[in-house]
Amino acid sequence: MCVRQQKWEMRSQKFMLDIKLLRQSIDSIALQLKSRNVAIDVAHFTALEEERKTLQVKMQALREERNKRSKAVGKTKAGGDSIEAAKTSLKQLSDELKVIEGQFATVEEALDVFLAQLPNLPHESVPIGKNESDNQIIRTVGEPCQFSFIAKDHVALGAHHGWMDFETATKLSGSRYVVLRGPLARLQRALIQFMLDLHTREHGYQEIYVPYIANVECLFGTAQLPKFQEDFFALHGNATQQYLIPTSEVTVTNTVRDQILDCAQLPIKYACYSSCFRSEAGTYGKDMQGMLRQHQFEKVELVQIVRPETSYQALQALTQHAEVVLQRLELPYRVMLLSTGDMGFAAAKTYDLEVWLPGQERYREISSCSNTEAFQARRMKARFRDEAGHIDYVHTLNGSGLAVGRTLIAILENYQDERGRVHIPKALQPYMNLEVIDCEENWYAHR
RNA sequence: GGAGAGAUGGCCGAGUGGUCGAAGGCGCUCCCCUGCUAAGGGAGUAUGGGGCUUAAACUCCAUCGAGGGUUCGAAUCCCUCUCUCUCCGCCA
């Protein structure tokens, strides 16, 4: 028996777009993907697909014959007659089948390579553009504050007493790490607690804790693999390949992998705090100062598993949920609708939240909220059964609610005063048990 | 880390080379019967893909943890891996 066919079928679900849609309307898909700067070789695909079909039909016919005749052999043997002649001719058939199966496997591999390059199709409402300069500002909330003094950046504000210590972090690990002490370590912890409480108490998310190490299937399911292997850390010395999660989206979303959910379970809404690990390969020289871009950072992630017809409503809601964090912290921000050229591989539509950073005098990304529609679900085989018993893929969404390190930066820079003190936003004060971080204070005395 | 036992459908569980996609039970759905309830009778109840179709029907292929091998034929035999359980040791 050969299991190659199953492998192929699994892939056809796992990869990207709906394989049936692709077969039917490759031309219109090519057109849509062009807006994402992806050129696809339609002729190549069509040829492969033709070959695949021919071979599959032939292979199945041969198998059918083999199965039938093998069963007949069994009967003959049970009847006590000789089966030698039948064995010889069946051996030929079996060999022929193996050749076809080999050819089929070759075509399948070529299709693999082709399909793996295809990102999700953008939603029709997504602006067509080359890169981030074509993103649309949806709304701006709050005013960038005007200081009567020259605003410091978070590196300067955190430097007192080694509260934000990059030198020690470099000694411990390397570049792009940070050590936080005293009030800043507490601020980070307070932010995590604040965000989780908000989402679980007011937005209806269930808190979830997941592993920070994920297997290949997870990374594949959420589409970090196979294309973006260099973006995160692989663990060595393991028999099985494992990776540090670049976001808890990976493990949280994969909790529903290989499942047929009951429609009564939907929507599923998870809020997850985790550390995140990114190699930041190819970002040399970018944001080298400060803790804006780190190999290890903290994030509260929001994930929703929903019915297809509700996923765009859910995207609006999820984006709102992330925005509320900024609103409660009274940080000025704006909402960007990403253009086709700037979206992530798995996303059909993405809103970025950008917070105002006085130290840089510009807005910086602090959250990214995406609807991947069934793109991840297909790869994960995450489905649901509706009231009528029909099975369909779920839609998955994810968004940061928020990136904790960057929120900490935003608070330092937006809430600084002329003396270099940092005031704590009202909403956060109960969590900090403090109103102001005073650089003239001895923090060892603080309880 | 050492020793052993396992992995079968929604669940339990039979099945050591051939009509096994898989007995039996439970659960679930529909129907029948019974004055309600309970009990009873009957039928159905996996997933993915291909062919043919407007569609359905039909039919074929694949799937018994994963991958590979032996064979005309594999849930069943061999190899590798993963996971689970029990005992011992160690440990936050």
Side-chain angles (χ1 to χ4, degrees), chain A residues 1-25 48-105 107-109 111-112 115 209 211-221 235 237-243 254-265 374 377-394:
Chain A
M1 180 187 62
C2 178
V3 290
R4 284 179 188 132
Q5 189 195 3
Q6 190 213 353
K7 263 164 67 185
W8 185 83
E9 284 158 3
M10 282 177 65
R11 189 199 56 254
S12 67
Q13 304 165 45
K14 285 198 305 193
F15 275 90
M16 41 145 263
L17 313 169
D18 185 349
I19 187 75
K20 286 178 186 166
L21 189 71
L22 203 70
R23 285 170 190 159
Q24 281 167 12
S25 37
L48 280 175
E49 180 51 23
E50 273 301 311
E51 212 179 335
R52 180 232 108 219
K53 192 166 178 173
T54 310
L55 286 169
Q56 187 172 354
V57 169
K58 198 168 173 185
M59 183 174 74
Q60 291 194 355
L62 284 173
R63 281 179 178 167
E64 182 179 358
E65 194 185 342
R66 180 205 60 191
N67 289 349
K68 282 184 173 154
R69 287 170 62 185
S70 285
K71 278 185 181 177
V73 169
K75 282 187 200 168
T76 308
K77 198 182 170 191
D81 298 323
S82 166
I83 58 170
E84 287 313 309
K87 271 175 75 169
T88 309
S89 79
L90 266 175
K91 173 70 176 162
Q92 274 176 16
L93 192 151
S94 190
D95 289 343
E96 189 187 348
L97 178 58
K98 270 174 190 152
V99 172
I100 302 289
E101 284 173 342
Q103 292 171 351
F104 186 77
V107 173
E108 142 190 296
E109 274 168 36
L111 274 167
D112 266 5
L115 295 171
Y209 169 82
Y212 293 179
I213 293 174
N215 58 27
V216 174
E217 286 77 12
C218 286
L219 275 295
F220 197 92
L235 268 45
N238 293 48
T240 55
Q241 189 58 268
Q242 293 178 313
Y243 301 89
N254 271 280
T255 55
V256 297
R257 190 177 73 220
D258 284 322
Q259 287 201 337
I260 300 176
L261 301 158
D262 191 293
C263 58
Q265 294 173 261
R378 230 173 266 120
R379 299 162 77 102
M380 293 191 302
K381 284 201 282 176
R383 294 161 291 172
F384 77 104
R385 199 186 305 269
D386 70 15
E387 290 81 355
H390 298 301
I391 291 169
D392 195 10
Y393 291 104
V394 296

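Chain naming here is simple, since letters A, B, ... match the order of the sequence lines and numbering starts at 1 in each.
Residue contacts shown for Lys53(A) are limited to sugar-phosphate atoms, with no base heavy atom under 4.0 Å away. Using a 4.0 Å heavy-atom criterion, one finds that Lys91(A) contacts the sugar-phosphate atoms exclusively.
Computed from coordinates, the Asn215(A) CG to C83(B) P distance equals 10 Å when rounded to whole Å. Residue Gln92(A) contributes atom CD, which lies 13 Å from atom P of G73(B) at whole-angstrom precision. Atom NZ of Lys77(A) is separated from atom P of C72(B) by 12 Å (rounded to the nearest Å).
Legend: residues meeting side-chain contact (heavy atoms from CB on, under 4.5 Å) with Thr76(A), ordered by chain and number and at least two apart, are Asp81(A), Ile83(A). Among residues two or more places apart in sequence or in another chain, the side chain to side chain donor-acceptor pair (under 3.5 Å) test is passed with Glu64(A) by Lys68(A).
Between Asn67(A) and A62(B), a side-chain N or O to OP1/OP2 separation shorter than 4.0 Å is present. Regarding contacts with the backbone of U29(B), every side-chain N or O of Arg385(A) stays at 4.0 angstrom or more from both OP1 and OP2. A sub-4.0 Å separation between OP1 or OP2 of G18(B) and a side-chain N or O of Lys71(A) is absent. One finds a side-chain N or O of Ser94(A) lying less than 4.0 angstrom from the OP1 or OP2 phosphate oxygen of G73(B). Distances shown here put every side-chain N or O of Arg69(A) at or beyond 4.0 Å from the OP1 or OP2 atom of U19(B).
Taking atom P in both A14(B) and C72(B), one finds a spacing of 33 Å when rounded to whole Å. Comparing G27(B) with C12(B), their C1' atoms are spaced 10 Å from each other, to the whole Å. Across the P atoms, C36(B) and U54(B) are found 50 Å apart, a figure rounded to whole Å. Across G4(B) and G65(B), the matching P atoms stand 23 Å from one another, rounded to whole Å. Taking atom P on both nucleotides, G13(B) is separated from U8(B) by 9 Å, rounded to a whole Å. Across A46(B) and G21(B), the matching C1' atoms stand 9 Å from one another, rounded to whole Å.
In this structure, Leu62(A) and Leu93(A) approach most closely via the heavy-atom pair O-CD2, 3.7 Å.
The base-pairing partner of U54(B), taking Watson-Crick or G-U wobble contacts with both distances under 3.5 Å, does not exist among the strands shown. A43(B) is paired with U29(B) under the Watson-Crick or G-U wobble criterion, all donor-acceptor distances under 3.5 Å.
Distance from the side chain of Arg383(A) is smallest for G48(B) among the nucleotides G48(B), G49(B), G73(B). Of the candidate nucleotides G49(B), C72(B), G48(B), C72(B) has the atom nearest to the side chain of Leu90(A). With C60(B), G50(B), U47(B) as the choices, the nucleotide that has an atom nearest any side-chain atom of Glu64(A) turns out to be C60(B). Taking only side-chain atoms of Ser70(A), from C-beta outward, the nucleotide of G50(B), C72(B), A62(B) with the closest atom is C72(B). In the set C61(B), G48(B), U19(B), the nucleotide with an atom closest to the side chain of Ile391(A) is G48(B). Here G50(B) is the nucleotide among C61(B), G50(B), G48(B) with the atom lying nearest to any side-chain atom of Gln56(A).
One finds no salt bridge joining Glu217(A) and Lys381(A) here, because no Lys/Arg side-chain nitrogen approaches an Asp/Glu carboxylate oxygen to under 4.0 Å.
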